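To start, the structure itself, in structure tokens.
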Amino acid sequence: MSFPLLTATAALPAIGAIATAAVPAARRTAAKWLALVVALATLVLAGIVFARFEPGGDRYQLTESHAWIKDFGVRYELGVDGIGMALLGLTALLIPFVILAGWHDADPHEETTSRWRPTQGFFALILMVEAMVILSFVATDVFLFYILFEAMLIPMYFLIGGFGDRAHAGTDENAAAQRSYAAVKFLLYNLAGGLIMLAAVIGLYVVAGSFSLSEIAEARADGSLEMATSTERWLFLGFFFAFAVKAPLWPLHTWLPNAMGEATTPVAVLITAVVDKVGTFAMLRFCLQLFPEASKWATPVVIVLALISIIYGALLAVGQRDIKRLIAYASISHFGFIVLGIFAMTSQGQSGATLYMVNHGLSTAALMLVAGFLITRRGSRLIADYGGVQKVAPVLAGTFLIGGLATLSLPGLAPFVSEFLVLVGAFSAYPVAGIIATVGIVLAALYVLVLYQRTMTGPVREGIGGMPDLKVRELAVALPLIALLIFLGVFPKPLTEVVNPAVQHTMHDVQKKDPQPEVEAAK
């Protein structure tokens with residue numbers, strides 16, 4: 001039997017989470033270093049997976065399949081395709097930066113001899129989320145994916161509700177109540193989506209007699225499995241609703257600004273750059289592959305919802321006074337672009353959507369983490385409390401600017417490539433939708449540049465004069481992310497080579513071909 005590389009990549013952070021949680025209360029620093037070493041080792045394993053993955057090979061590679069619950073036909077079945085490979089790499093890459101950025105976020109406010117280990121728990125929960133997200137990107141058994149889809153809510157609930165933003169906690173007596181509200185809202189929204197998905201998962205098993213993604217796809221391809229039109233549409237809606245909540249897509253988005261605003265900055269990055277990608281990934285892997293006809297049937301409505309997300313999220317970002325909530329609403333707008341690319345049903349749109357998932361993760365992580373460093377120094381999330389930062393902390397201001405420019409998809413930075421492909425795909429299939437989506441680009445430039453102007457330029461405001469610049473640990477977080485944004489902006493080939501073959505498989509699933517441009521014959 002070959003080495004179970006995918007299982008090892010997910011098992012390592014899970015084991016590391018248990019080991020980190022078991023570190024004695026007084027050894028907080030040891031727990032941090034253990035978590036960081038485990039995250040880096042997971043990144044190495046992800047690199048080995050990437051090296052062994054053959055873009056032109058089988059659709060699912062490094063496969064593993066073992067009986068799990070035989071009476072119900074549930075299997076522990078794994079396999080990675082190009083889309084899952086890209087997102088697995090993103091997850092493994094970001095977690096070390098999340099841990100470094102949150103190095104002091106869970107330290108007790110004062111020395112204590114209590115047996116309570118908040119620091120150990122904080123980093124253990126992050127590693128547990130990483131393990132579940134990685135497994136969800138490689139699970140090819142629908143029931144196994146569902147278990148992971150729901151289970152990751154538990155550590156995220158405790159990360160949001162148990163470890164809040166100290167900048168907020170220091171200025172608001174109701175911080176704990178607001179944090180609890182955000183955590184409960186996150187959990188209830190996602191649980192509601194998950195329960196509806198569970199009904200659809202059971203319905204799929206009743207119809208198909210299997211939870212195996214590959215078996216169901218083969219049965220549909222050879223005609224041995226036929227679904228009634230109404231049945232397929234109801235099952236699609238059950239899956240899509242859960243993924244739209246996780247994504248988040250308007251109007252199921254309202255939990256995100258609360259969760260990102262009240263969580264610590266690294267946890268906010270974990271939410272929007274890692275966990276939420278499971279929703280849009282699942283639209284590609286499960287909705288389009290399992291229910292191709294229903295996906296095409298729902299496309300007009302989904303595209304309208306995506307366009308509303310793009311414009312609505314951007315408009316609310318423009319009007320925000322809170323830095324973290326501004327980035328949250330900007331993310332809602334960006335997820336609208338991702339969903340638009342997926343349901344444009346063109347190869348350019350779906351390749352762009354997959355690249356957007358990766359590049360949005362990098363750009364949002366860069367912007368949010370540097371914003372977190374800024375907020376920690378000033379002790380406030382309000383934009384009005386800043387001004388003139390570039391005069392006293394030029395490196396911080398510079399990294400913040402590059403992260404912001406990446407968020408607005410400036411040419412030369414990674415998100416531009418993905419946003420361009422999404423718009424090309426949308427224009428070729430739905431020209432009106434493409435035109436409306438471009439308004440989101442204009443609004444992105446507005447909210448990013450206004451944010452930078454109000455926080456970084458102008459006279460130095462009271463409380464800013466003594467602000468220190470980025471330290472070594474913080475530079476170790478910001479600079480590699482910025483380097484990646486620049487590298488993938490000028491040379492996206494390493495990602496496109498992996499993603500494009502998987503996108504072609506998805507296009508074949510839905511039996512769609514790219515629209516051919518209309519060229520008038522020369523007279």
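Remember, predicted model here, so these are calculated numbers, not experimental data.
- Residue K324 comes nearest to T264 through the heavy atom pair NZ-C, 3.9 Å, listed as atom of the first residue, atom of the second, then distance.
- With F123 as the aromatic partner, K32 does not meet the cation-pi criteria of under 6.0 angstrom to the ring centre and within 45 degrees of the ring axis.
- Taking every heavy atom of both residues into account, V422 and A353 meet most closely at CG2-N, 3.6 Å.
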Under 3.5 Å, sequence neighbours excluded: what are the donor-acceptor pairs made by side chains of residues 327-341?
from	atom 1	to	atom 2	distance (Å)
S331	OG	T272	OG1	3.2
S331	OG	I327	O	3.1
S331	OG	H360	NE2	3.3
S333	OG	I310	O	2.8
H334	ND1	Y356	OH	3.1
H334	NE2	T407	O	3.4

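- Counting only heavy atoms from C-beta outward, the side chains of L362 and L94 approach each other to under 4.5 Å.
- Take D276 and apply the side chain to side chain donor-acceptor pair (under 3.5 Å) test, not counting sequence neighbours, and it matches no residue.
- When the side chain to side chain donor-acceptor pair (under 3.5 Å) test is applied to E474, the partners found at least two apart in sequence or on another chain are R377.
- Under the ring-ring contact (aromatic ring centres under 6.0 Å, His included) criterion, F400 pairs with no residue, sequence neighbours left out.
- The shortest heavy-atom contact between L148 and S136 is CD1-N, 3.6 Å.
- Counting heavy atoms of neighbouring residues, nucleotides and ligands inside a 6.0 Å radius, atom CZ of R473 exceeds 12 of them.
- A10 approaches I134 most closely through the heavy-atom pair CB-CG2, 4.0 Å.
- Annotation: side-chain contact (heavy atoms from CB on, under 4.5 Å) contacts of L187 (sequence neighbours excluded): L153, Y157, L191.
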Donor-acceptor contacts, no H, no angles, side chain residues 434-454, under 3.5 Å, sequence neighbours left out:
from	atom 1	to	atom 2	distance (Å)
T438	OG1	I435	O	2.4
Y452	OH	Q390	OE1	2.9

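- F286 pairs with exactly one of Y146, F145, F240 by the ring pair (Phe, Tyr, Trp, His ring centres under 6.0 Å) rule, that one being F145.
- Note on residues 392-401: no pairs pass side-chain hydrogen bond (donor to acceptor under 3.5 Å, both in side chains), not counting sequence neighbours.
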Donor-acceptor pairs under 3.5 Å, side chain of residues 459-468 to any protein atom, not counting sequence neighbours: which ones?
from	atom 1	to	atom 2	distance (Å)
R461	NE	A384	O	3.1
R461	NH2	A384	O	3.4

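- Rounded to the nearest 0.5 angstrom, L326 CG and R381 CZ are separated by 12.0 Å.
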Which pairs of donor and acceptor atoms, one on a side chain in residues 366-375, lie under 3.5 Å apart (sequence neighbours left out)?
none

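- When all heavy atoms of G279 and K246 are compared, the pair lying nearest together is N-CG, 3.7 Å.
- Judged as a ring-ring contact (aromatic ring centres under 6.0 Å, His included), and not counting sequence neighbours, F158 has no contacts.
- Judged as a ring-ring contact (aromatic ring centres under 6.0 Å, His included), the pairs with a partner in residues 9-42 (not counting sequence neighbours) are, in order, W33-W103.
- F281 meets the ring-ring contact (aromatic ring centres under 6.0 Å, His included) test with F137; sequence neighbours excluded.
- Atom-to-atom distance recorded for L12:CG and L127:CG is 8.5 Å, nearest 0.5 angstrom.
- What you find for S309 and W250 is that their closest heavy atoms are OG-N, 2.9 Å.
- Inspection of the Y386 and S380 side chains reveals no N or O donor paired with an N or O acceptor under 3.5 Å.
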